[in-house]
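For reference, the structure discussed in these notes is given below.
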Amino acid sequence: MKRTENKNYWDAKRLVQQYFNMLYLMKSNHGKPLDNMAWSNQIRVKRIASALSAFMGWKNVKDNPVDLILSVFDDWDFEKLFENSPIQEEDHAKMMALLKKAMNDDYQYNSLTRMDRSFHEDSSHIERDKLRDRQFMLHMLMRYRGAAEKLISHFDGLMEGTVGVYLCVLAIKESSIEPLKRSCEMIDDIIVLLLGDKFKQSFSEKKLMAEYDYPKETDDELLEWDCENY
């Protein structure tokens, strides 16, 4: 899966990536009025909440957008995410192939993926184990991805003052941050597959505006506000 190119549509990968882009700010403002955030970030959060509501099939939601988003994504059980959203066998195979690609040790891979070995078996015990594995895998990937985004954002915005500092930052970016970004692309693909069938849809911004209270402000307006206020 490639990073979403069409900015007029929201698919699951765009939703996931925008969530992680705003995660640190949302957690800092959890339980607080939305207007504690800068205006441009309020709009970005409202966009995520609108798209998430569309995927979940929720209309006329009056909750604080930050609280709404975190109640779905920042939850150990992921009960709301997984409801009526199974993983198809083909998608499960894709997910396991991506995981195996990231691991050099086949023995470790085989010993850790009980979910893979039991996927074709049919019993209440196996189904329970599959759900637990899905919950645990998503929880760990979300934690990793959130921490990675925070590190990437720090170095993307770092100002270099002297030649020495510039070379130090450049070395870190080239040796660590760029590989981390590539890793995050793969992690995002796995997260999307873990979300299941409910997240195979995509929604145009026009539809989101008409049905899910998507903000009308454009990217250019947000950028202009940021330039004038930061």
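These numbers come from the heavy atoms of this one structure, side chains and all, not from hydrogens, waters or symmetry mates. Quick note: residue numbers are just sequence positions, from 1.
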Subject >> Lys/Arg N to Asp/Glu carboxylate O, Lys80 vs Asp75, below 4.0 Å >> reply: no
**OP:** Provide the closest heavy-atom pair for Glu83 versus Lys198 in the form atom of the first, atom of the second, distance.
**Re:** O-NZ, 2.7 Å
**OP:** Show your working on salt bridge (charged side-chain N to carboxylate O under 4.0 Å, His left out) between Arg44 and Asp219 and close with a plain yes or no.
**Re:** CA-CA 9 Å; Arg44 293 180 179 105; Asp219 287 347; over 6 Å; no
Original post:
Using a distance-only test with no angle check, is there a side-chain donor-acceptor pair under 3.5 angstrom linking Gln42 and Asp35?
Top reply: no
**OP:** Mind telling me whether Phe55 and Phe203 have parallel, tilted or perpendicular rings, with 30° and 60° as the class edges?
**Re:** perpendicular
Original post:
Just how far is it from atom CG of Leu23 to atom OG of Ser153, taken to the nearest 0.5 Å?
Top reply: 10.0 Å
Original post:
Do Gln88 and His92 have side chains that get closer than 4.5 Å, going by heavy atoms?
Top reply: no
Original post:
So how far is it from Leu25 CG to Asn36 CG, rounded to the nearest 0.5 Å?
Top reply: 11.5 Å
**OP:** Rounded to the nearest 0.5 Å, what's the gap from OG on Ser53 to CD on Glu211? Could you check?
**Re:** 12.0 Å
Original post:
Taking side chain as C-beta onward, heavy atoms only, is Ile152 less than 4.5 Å from Cys184?
Top reply: yes
Original post:
Quick one: do Lys173 and Glu178 make a salt bridge, cutoff under 4.0 Å?
Top reply: no
Original post:
Where do His30 and Met26 land on the side-chain contact (heavy atoms from CB on, under 4.5 Å) test, with the steps shown first?
Top reply: CA-CA 6 Å; His30 188 26; Met26 289 193 293; over 6 Å; no
Subject >> Donor-acceptor pair, side chain of Ser183 and main chain of Pro179, under 3.5 angstrom >> reply: no
Original post:
Does any donor atom in the side chain of Tyr9 or Glu205 lie under 3.5 Å from an acceptor atom in the other side chain?
Top reply: no
Subject >> Separation of Ile172 CD1 from Leu151 CG (nearest 0.5 Å) >> reply: 9.0 Å
**OP:** Find out whether the Lys NZ or Arg CZ of Arg134 is both under 6.0 angstrom from the six-membered ring centre of Phe78 and within 45° of the ring's axis.
**Re:** no
Original post:
Do Asp189 and Leu98 touch side chain to side chain, with heavy atoms closer than 4.5 Å?
Top reply: yes
Original post:
Do Lys13 and Glu185 meet the salt-bridge criterion of a basic N to acidic O distance under 4.0 Å?
Top reply: yes
**OP:** Take Trp10 and Leu52 through the test side-chain contact (heavy atoms from CB on, under 4.5 Å) and record every step on the way to the result.
**Re:** CA-CA 9 Å; Trp10 281 73; Leu52 177 60; over 6 Å; no
Original post:
Does the pair Arg14/Asp11 count as a salt bridge with the N-to-O cut at 4.0 Å?
Top reply: no
Subject >> Considering all heavy atoms, the nearest Arg47-Thr218 contact >> reply: NH2-C, 3.6 Å
Original post:
Any donor-acceptor pair under 3.5 Å linking the side chain of Ser50 with the backbone of Lys46?
Top reply: no
Original post:
Counting only N and O atoms by type, is there a donor-acceptor contact under 3.5 Å from the side chain of Asp63 to the main-chain atoms of Pro65?
Top reply: no
Original post:
Which is it for Asp91 and Lys200 under the salt bridge (charged side-chain N to carboxylate O under 4.0 Å, His left out) test, yes or no, and what are the steps along the way?
Top reply: CA-CA 11 Å; Asp91 293 327; Lys200 289 183 176 181; 2.7 Å; yes
Original post:
Looking only at heavy atoms, which two atoms of Asp67 and Gly31 are closest? And how far apart?
Top reply: OD1-N, 3.2 Å
Original post:
Are any side-chain N or O atoms of Asp188 and backbone N or O atoms of Val16, one a donor and one an acceptor, separated by less than 3.5 Å?
Top reply: no
Original post:
Tell me, which pairs form a ring pair (Phe, Tyr, Trp, His ring centres under 6.0 Å) where one or both residues lie in residues 168-194, sequence neighbours left out?
Top reply: none
Original post:
Under 3.5 Å, is there a donor-acceptor pair between the side chain of Gln18 and the main chain of Leu15?
Top reply: no
Original post:
Applying the 4.5 Å side-chain criterion to the ILVMFWY set and letting contacts propagate, would Leu131 and Leu141 be lumped into a single cluster?
Top reply: yes
Subject >> Side-chain (Asn229) to main-chain (Trp225) donor-acceptor, under 3.5 angstrom >> reply: yes
Original post:
So, Ser85 side chain and Leu195 main chain: donor-acceptor pair closer than 3.5 Å or not?
Top reply: yes
Original post:
Sequence neighbours excluded, which residues qualify as salt bridge (Lys or Arg N to Asp or Glu O under 4.0 Å) partners of Asp213?
Top reply: none
**OP:** Could you tell me whether the side chain of Ser71 and the main chain of Leu68 form a donor-acceptor pair under 3.5 Å?
**Re:** yes
Original post:
Taking all atoms of both residues into account, what is the closest heavy-atom pair of Leu81 and Met56, and its distance?
Top reply: N-CE, 4.2 Å
**OP:** Under the side-chain contact (heavy atoms from CB on, under 4.5 Å) rule, what do Ile187 and Tyr144 come out as? Steps first, then yes or no, please.
**Re:** CA-CA 9 Å; Ile187 295 300; Tyr144 168 84; 3.8 Å; yes
Subject >> For Lys27, salt bridge (Lys or Arg N to Asp or Glu O under 4.0 Å) partners two or more places apart >> reply: Asp74
Subject >> Atom pair CD1/CE of Ile190 and Met137 - distance to nearest 0.5 Å >> reply: 7.5 Å
Original post:
Between Trp58 and Tyr212, does any side-chain donor sit less than 3.5 Å from a side-chain acceptor?
Top reply: no
Original post:
More than 12 foreign heavy atoms under 6.0 Å from CZ of Phe136: is that the case here?
Top reply: no
**OP:** Give, for atom CD of Glu224 and atom CD of Glu228, the distance between the pair rounded to the nearest 0.5 Å.
**Re:** 4.5 Å
**OP:** Could you give me the CA-CA distance, side-chain angles and deciding distance for Gln135 and Phe82, then say whether side-chain contact (heavy atoms from CB on, under 4.5 Å) is met?
**Re:** CA-CA 9 Å; Gln135 290 168 333; Phe82 291 164; 3.7 Å; yes
Original post:
Do Tyr24 and Leu34 sit in the same hydrophobic cluster, where Ile, Leu, Val, Met, Phe, Trp and Tyr count as joined when their side-chain heavy atoms come under 4.5 Å apart?
Top reply: no
Original post:
Do the side chains of Trp39 and Leu223 join up, straight or via other hydrophobic residues, at under 4.5 Å, putting them in one cluster?
Top reply: no
